Protein chains: 2
Amino acid sequence: MPTHFQGDLQTVRALSAFINLIRASDSTITKTTAHLEELGVTPGQFAVLEALLHLGPMCQHTLGEKLLRSGGNVTLVVDNLERHGWVRRERQVNDRRMIQIHLTPKGRRLITRVFPEHAKMVVKVMSKLSAAEQEQLRKIARKLGRGAEELCTERMKREKEHDNDQTE
Amino acid sequence: MPTHFQGDLQTVRALSAFINLIRASDSTITKTTAHLEELGVTPGQFAVLEALLHLGPMCQHTLGEKLLRSGGNVTLVVDNLERHGWVRRERQVNDRRMIQIHLTPKGRRLITRVFPEHAKMVVKVMSKLSAAEQEQLRKIARKLGRGAEELCTERMKREKEHDNDQTE
DNA sequence: CTCAAATGGTTCAAGCTTGAACGATTGGAT
DNA sequence: ATCCAATCGTTCAAGCTTGAACCATTTGAG
């Protein structure tokens, strides 16, 4: 696509980087989650299980922040994980609004077994890049991701202030 | 997440690069497609309209390949675009299996108007990176994307051969 | 204390996404 | 000429994803 767009250098450069970023992300996700299908684990479910394994129990709201997913989405995915008996909900006593999500023993066994396979696939896909390239990618992608997040929060802040201006 | 996983250097490096790639892609997509909502254009629809604008009319199968989407998905998205009157289907006479998708004048006006806004957003998000970083990102992401695609086609080829072995 | 705002979770409608099963069409092998 | 396999599009079930409306709970201002 980008090669067929005529525009100034800055725009072409940004669009080219953008399209290749998206496609790389798309392809690597597809590739590295293919093996989950057979187990009946969806990518969204895997992400939750992995977060719980490596970060410990947490409430749904936190989970949504970590995984960049909406509240409604977390509810659904946790519902499905609960149906499988891989996690359990635990209403907090000190703040009854919150529900902490815990791995069940069954869920822990599953993710402990599946995660190494996943890691192996990631290493395999990434091995198309040299160690130095992987490091560069990590740094640049991190910087870009942070930047985009900031743009979002900045905009939200501006809109909030604007709302306040109007209601005052 | 990656910082909480203990493993060998190679694996940590690959996982770190991977997670940052995914998150960068996620954040930039969210950011650059936010303005489409107001117009009632979904990201999937935008992608199709853009491909048709910059690459010309093409059949659904080609569209799916270009956008890395399944056949069923293309059918649905084109259905929705057709409902809006932004594209039209044209059954090919030389091969009646194929249906070529064309922008309507209305669709062309829409994407011609919307694309520059989109490009502007991409430039804005990407401006968090220097020109050199954008170039590096493009190169590395391209290499990685290509590599992942190859892994997929290789695997499919192996499975195909394996099938043949069994049926012979 | 009281009540309004904020917060956490659920539900819903709409649409995306996939893989599989299916029907129509085509092309090639015999 | 016939028929089988490949190709293209459609349909379907299942699940993901979001934003908005909604309810319960908590917090803080007065």
Side-chain angles (χ1 to χ4, degrees), chain A residues 25-27 29-31 33-48 58-84 87 89-101 152 156 159-160 163-164 167, chain B residues 25-27 29-31 33-48 58-65 67-84 87 89-101 152 156 159-160 163-164 167-168:
Chain A
S25 169
D26 237 49
S27 302
I29 286 182
T30 302
K31 181 65 188 164
T33 56
H35 73 111
L36 295 176
E37 269 177 55
E38 309 153 18
L39 299 157
V41 186
T42 68
Q45 293 169 0
F46 176 81
V48 170
M58 67 186 97
C59 70
Q60 296 190 185
H61 188 249
T62 312
L63 216 33
E65 279 177 346
K66 298 282 180 198
L67 307 179
L68 305 178
R69 291 289 172 268
S70 69
N73 184 25
V74 175
T75 296
L76 180 67
V77 173
V78 170
D79 281 350
N80 291 332
L81 287 172
E82 211 175 22
R83 270 198 298 110
H84 281 97
V87 303
R89 286 177 156 98
E90 192 175 286
R91 178 76 65 175
Q92 295 300 89
V93 286
N94 50 329
D95 187 338
R96 294 186 40 74
R97 286 172 303 183
M98 297 198 208
I99 298 183
Q100 211 168 31
I101 311 301
C152 288
M156 276 162 51
E159 278 167 12
K160 200 160 197 172
D163 286 355
N164 290 341
T167 51
Chain B
S25 168
D26 236 50
S27 301
I29 286 181
T30 302
K31 182 64 187 165
T33 55
H35 73 110
L36 294 177
E37 268 177 56
E38 308 153 18
L39 300 157
V41 186
T42 69
Q45 293 169 0
F46 176 80
V48 170
M58 66 187 98
C59 71
Q60 294 189 186
H61 188 249
T62 313
L63 216 35
E65 279 178 346
L67 307 179
L68 305 179
R69 292 287 172 267
S70 69
N73 184 23
V74 175
T75 295
L76 180 67
V77 173
V78 169
D79 280 350
N80 290 333
L81 287 171
E82 210 175 22
R83 271 200 297 109
H84 281 98
V87 305
R89 284 177 158 99
E90 192 176 286
R91 177 76 65 174
Q92 295 299 90
V93 285
N94 48 330
D95 187 339
R96 292 185 43 73
R97 285 173 302 184
M98 299 199 207
I99 299 183
Q100 209 167 34
I101 311 302
C152 288
M156 276 162 51
E159 278 167 12
K160 201 162 199 171
D163 286 356
N164 289 343
T167 52
E168 266 167 20

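Please read these numbers as outputs of a predicted model, since none were measured by experiment. Lettering of chains follows the sequences in order, A, B, ..., and the numbering in each one begins at 1.
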Rounded interatomic separation in angstrom, taking CD1 from A:Ile29 and C1' from C:dT18: 14 Å
B:Asp26 CG - D:dC16 P separation (whole Å): 16 Å
B:Gln45 vs C:dC16: side-chain N/O to OP1/OP2 distance below 4.0 Å: yes
For atom CZ of B:Arg69 and atom P of D:dT10, their distance in whole Å: 18 Å
Separation of D:dT26 P from A:Met98 CE (nearest whole Å): 10 Å
Salt bridge (Lys or Arg N to Asp or Glu O under 4.0 Å) partners for B:Glu37, two or more places apart: none
Partners passing ring pair (Phe, Tyr, Trp, His ring centres under 6.0 Å) against B:His84 (at least two apart in sequence or in another chain): B:Trp86
Partner residues of A:Arg96 under the side chain to side chain contact (heavy atoms under 4.5 Å, CB included) criterion, sequence neighbours left out: A:Arg91
Rounded interatomic separation in angstrom, taking CG from A:Asp79 and P from D:dG15: 12 Å
Sugar-phosphate only, base, or nothing, as touched by A:Ile101 at under 4.0 Å among non-hydrogen atoms: nothing
Separation of C:dG9 C1' from A:Met58 CE (nearest whole Å): 17 Å
B:Thr75 side-chain proximity, nearest of C:dG15, D:dT18, D:dT10: D:dT10
Matching residue for A:Val77 among A:Leu81, A:Asn80, A:Val74 - test: side-chain contact (heavy atoms from CB on, under 4.5 Å): A:Leu81
Results of side chain to side chain contact (heavy atoms under 4.5 Å, CB included) for B:Met98 - residues two or more places apart only: B:Cys59, B:Gln92, B:Asp95
Whole angstrom value for the distance that separates C1' of D:dT26 from CD1 of A:Ile99: 15 Å
side-chain N/O B:Arg83 vs C:dA14 OP1/OP2, d < 4.0 Å: no
Integer-rounded Å distance: D:dC16 P and A:Leu36 CG: 12 Å
Tabulate atom names and distances for all N/O pairs under 3.5 angstrom spanning the protein and nucleotides 19-29 of chain C.
from: C:dT26; atom 1: OP1; to: B:Arg96; atom 2: N; distance (Å): 2.9

Shortest side-chain distance from A:Gln60, nucleotide among D:dT10, C:dT10, C:dG8: C:dT10
Set of residues satisfying salt bridge (Lys or Arg N to Asp or Glu O under 4.0 Å) with respect to B:Glu90, sequence neighbours excluded: B:Arg88
Which residue lies more 5' along DNA chain D, comparing A:Val77 with B:Leu76 via nearest heavy atoms: B:Leu76
Contact check, side chains of A:Arg89 and A:Asp79, non-hydrogen atoms, under 4.5 Å: yes
Sugar-phosphate only, base, or nothing, as touched by B:Leu63 at under 4.0 Å among non-hydrogen atoms: nothing
